[in-house]
Amino acid sequence: MKYTRTLLLAVLLVLLAACTQPKPSTVGSDAGIEKRIEQLLSRMTLAEKIGQMNQVSAGGEVSNYAEALRNGQIGSILNEVDPVKINEFQRICVEESRLGIPLLVGRDVIHGFHTIFPIPLGLAATFDPALVEQGARIAAVEATGQGVRWTFSPMLDIARDPRWGRMAEGSGEDVYLDARMAEAMVRGYQGEALDANALAACIKHFVGYGAAEGGRDYNSTFLTERQLRNVYLPPFEAAVKAGALTLMTSFNDNDGVPSTGNTFILKDVLRDEWGFDGLVVTDWNSMGEMIPHGFGTDRKDVACKAVNAGVDMDMMTFGFISHLEELVASGQVKESAIDEAVRRILRVKLLLGLFEHPYVDVDAGQAVQYAESHLDAARRTAEESAILLKNDGILPLKAGQVGTILVTGPMADAPHDQLGTWSFDGEKAHTVTPLQALKERFPGQVNYVPYGYSRERRTRFDDIVAAARRADVVLVFLGEEAILSGEAHCLADLNLIGTQSELLVALKAAGKPVVATVMAGRPLTIERDLPNCRAMLYAFHPGTMGGPALVNLLFGDVNPSGKTPVTFLRTVGQVPMYYSHTMTGRPYNNETLLADIEPEAGQTSLGNTSYYLDYGARPLFPFGYGLSYTTFDYSDIALDKEAYPQDGTIRLTFSLANTGAYDGTEVVQVYIRDLVGSITRPVKELKYFERVPLKAGEKRTLEVQIPVSELAFFGLDGVTKVEPGGFQLWVAGDSASGQPVSFQVL
Ligand code: NOJ
């Protein structure tokens with residue numbers, strides 16, 4: 001009896017110890033750093049603490065900010081990239097403010113700093129986290145070289161509506177792909193050691209922002225907790241686990257609650273469940289915008305709501321700096337909440353080593369911008385990100401046999417547009433367009449006839465068509481300007497704008513082979529254009545080295561390997577259409593009829609199933625799709641078991657053969673379906689991908705391991721776990737191919 005009691009006591013003590021154990025720091029803090037934080041905090045006045053929570057946008061002369069910096073009223077600035085000015089800001093903070101706390105300097109370094117990589121949607125199309133990580137590292141080296149230590153990237157918003165302009169800034173529609181890209185970018189920006197080249201990542205926009213109603217930016221979202229937990233939150237959780245130092249709240253209100261005042265997401269999930277101890281910043285004035293949202297009466301009210309919900313830093317509302325002192329005095333905000341926020345801010349500054357090294361070496365920093373190796377990585381990334389959507393065999397072009405090349409189209413020589421959205425620091429002068437790259441490679445063979453977007457330029461058609469008749473091949477570069485995607489740049493019509501489609505028709509009629517390349521910030525509805533070209537490469541906005549990359553692809557120096565990171569639609573009316581939808585009770589199942597359904601087919605011919613009378617039920621290209629100059633064949637697909645325990649690992653083996661005439665890389669994709677759940681489950685979910693290079697004729701046996709725990713989801717009982725039962729698994733080159741194999745989870 002006595003023995004049992006002692007045992008019980010021991011168990012209780014162990015449990016108590018486990019509960020009181022401090023959670024491990026997600027951002028990698030340690031006892032030394034925590035001690036320094038407490039020492040500093042104990043010396044700070046309330047006003048100085050609140051000053052740390054204030055972020056302002058720089059502009060104009062350093063003297064405009066000198067007094068506020070000296071008085072400790074600014075914790076962070078954004079939008080200053082002049083290293084001399086940044087050093088001066090730091091000098092004032094470090095040498096002239098009472099406590100010498102350095103400044104955190106932020107900038108939107110979204111897909112490169114000076115050397116611009118493809119837009120994030122294009123990065124996702126590479127399905128190559130290692131390469132994306134390298135790109136983020138390069139962005140960090142360049143940005144930190146000029147004194148920027150914090151980027152507002154990566155954007156992890158799942159986007160399933162291409163009307164939303166900010167689809168360009170994220171990894172597209174898929175949870176798994178987004179999460180892998182998130183980890184890669186966080187690792188790349190911050191580096192392995194948080195050294196002088198570490199650029200703090202800011203995962204954004206928390207959360208659900210990409211689900212804006214109607215695809216109109218800033219719009220409301222109505223995501224249930226289940227959708228949040230199964231789709232929108234996992235990439236953020238992955239990035240937190242990867243050590244992201246900071247997080248930004250989103251503009252949208254979800255189910256009536258603006259994110260910047262949402263205690264459930266900012267405290268219950270982020271802090272309590274995930275243990276995030278990095279800093280939370282608002283989006284630009286998103287605190288102030290809770291007033292027009294109708295979620296607060298005035299700036300004081302929204303400042304109160306934001307800080308109590310768990311926001312640490314105010315970007316450009318000036319709500320904290322103006323009102324937190326009175327809110328503490330009146331007891332509406334506890335000083336302990338302010339202390340917590342300041343701890344998180346100081347933690348990031350200490351982790352970045354800003355106290356030890358507040359200044360940047362201006363000359364050394366200058367020397368690394370546009371380094372040869374950076375340009376090379378940008379080119380390789382652009383090569384991997386381009387997706388071959390159509391090829392009747394005309395590609396790759398044979399360099400020795402092309403004769404005269406007509407180059408035309410609005411994106412042929414548009415250096416600024418080719419950089420894409422959020423490329424503040426990219427420069428036209430350093431950007432190599434397809435026209436430049438072609439001229440360099442084929443001196444004397446290129447005939448360029450410019451073309452603009454607008455209808456007035458239509459007269460140009462005659463010149464272009466005449467030139468096409470004289471050419472041996474027509475390379476037309478189509479798409480959309482950078483300004484047509486990105487923040488607040490949404491579209492209701494996703495066809496190629498202006499007269500580009502008509503241009504293609506006219507070029508085709510000229511009778512020479514037409515190869516189209518599209519540069520855009522989103523998947524455009526290009527169905528009507530496909531018949532008018534013999535091949536189409538889809539490059540998104542490919543960045544600084546887009547020109548050489550595309551020329552290498554068109555002429556076969558590099559074999560295309562990019563895959564669609566988002567479903568390509570036939571028409572905008574199909575929005576939202578994404579591969580991992582759940583199944584209706586009346587699924588669309590007539591595969592032959594659905595391929596070529598015509599408006600006049602009428603509903604009855606297909607029964608009462610879920611489809612459009614005029615456009616059927618299929619997209620133009622499924623998620624994960626992309627052609628190569630070679631072909632790949634999957635065979636001998638087998639699982640090591642028929643049934644797996646919950647803590648088991650699925651071992652999949654298969655053979656992959658390159659069955660064509662070119663060396664190439666296949667993006668192997670593994671999808672699963674959970675057949676029956678406590679809630680309806682997606683028809684397919686990506687659970688693994690890998691780029692596999694194969695020589696022409698080469699065949700390899702591959703093994704993929706997927707932990708059964710990867711099959712967990714937030715079910716009816718509100719618990720994230722794997723539910724036992726039947727599953728299917730596909731291994732294929734896109735989300736619509738392959739034959740399933742079955743297995744059970746016990
Ligand atoms: C607003 C955007 O929503 C956000 O993504 C960006 O980081 C901030 N502005 C700062 O420029």
Side-chain angles (χ1 to χ4, degrees), residues 54-59 74-81 104-113 119-121 123 136 139-140 143 148-159 164-171 178 181-182 185-186 189 199-212 215-221 232 235-236 239 244-254 258-260 262 278-290 292-293 306 311-319 348 420-426 482-483 485-490 521:
N54 186 33
Q55 185 188 49
V56 304
S57 183
I74 300 178
S76 169
I77 60 156
L78 73 159
N79 291 338
E80 182 54 74
V81 290
L104 190 52
V105 179
R107 176 69 158 174
D108 288 281
V109 179
I110 306 296
H111 48 113
F113 182 61
I119 55 168
L121 193 58
L123 295 179
V148 174
R149 299 300 306 275
W150 186 15
T151 177
F152 306 115
S153 174
M155 185 187 99
L156 307 183
D157 300 312
I158 298 282
W164 189 53
R166 303 200 80 170
M167 180 183 266
E169 295 175 54
S171 295
D178 192 7
M181 290 298 163
M185 288 172 89
V186 168
Y189 287 138
L199 185 64
C202 183
I203 51 177
K204 69 185 189 185
H205 306 84
F206 202 60
V207 64
Y209 180 46
R216 290 193 305 286
D217 207 5
Y218 314 124
N219 218 355
S220 300
T221 59
Y232 292 85
F236 284 91
L245 290 172
T246 79
L247 173 144
M248 186 188 289
T249 65
S250 58
F251 286 124
N252 60 301
D253 62 313
N254 185 47
S259 298
T260 304
N262 190 330
L279 92 83
V280 170
V281 65
T282 70
D283 201 341
W284 183 288
N285 192 35
S286 68
M287 183 195 301
E289 288 167 20
M290 293 203 286
H293 264 301
V311 167
D312 304 321
M313 188 180 277
D314 164 8
M315 181 193 285
M316 293 303 287
T317 294
F318 304 104
V348 169
T421 186
W422 289 110
S423 47
F424 287 145
D425 303 294
I483 199 70
S485 58
E487 186 179 350
H489 290 85
C490 303

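Both counts, for ligands and for their atoms, begin at 1 and track the order of listing.
- A side-chain N or O of Thr260 and one of Ser286 form a donor-acceptor pair less than 3.5 Å apart.
- The contact set between ligand 1 and Lys204, taken as ligand atoms under 4.0 Å from a residue heavy atom, comprises 4 (C), 5 (O), 6 (C), 7 (O).
- Between Asp157 and Lys204 no salt bridge is recorded (no basic side-chain N to carboxylate O distance below 4.0 Å).
- Here the side chains of Arg107 and Asn79 are in contact, with some heavy-atom distance below 4.5 Å.
- If you check which protein heavy atom lies closest to atom 6 (C) of ligand 1, you get Asp108 OD1, 3.3 Å.
- Contacts with ligand 1 closer than 4.0 Å are made by no heavy atom of Met316, backbone or side chain.
- When only modelled atom types and interatomic distance are considered, Tyr218 and Glu487 share a side-chain donor-acceptor pair under 3.5 Å.
- Within the 4.0 Å heavy-atom criterion, the part of Met248 lying near ligand 1 is the side chain and not the backbone.
- Asp283 OD1, 3.3 Å is the protein heavy atom nearest to atom 4 (C) of ligand 1.
- At least one donor-acceptor pair closer than 3.5 Å links the side chain of Asp314 to the backbone N or O of Gly319.
- Aromatic pair Trp150/Tyr189: centroids not less than 6.0 angstrom apart.
- Remark: ligand 1 atoms within the under-4.0 Å shell around heavy atoms of Glu487 are 1 (C), 2 (C), 3 (O).
- The shortest N/O to N/O separation between Tyr209 and ligand 1 does not fall below 3.5 Å.
- Under a 4.0 angstrom heavy-atom cut-off, Glu169 registers as lying outside contact with ligand 1.
- Donor-acceptor pairing under 3.5 Å is lacking for the side chains of Thr249 and Ser259.
- Assignment of His205 to the shell around ligand 1 is supported, since a heavy atom sits closer than 4.0 Å.
- Any N or O atom pair closer than 3.5 Å counts here, and Trp422 shares no such pair with ligand 1.
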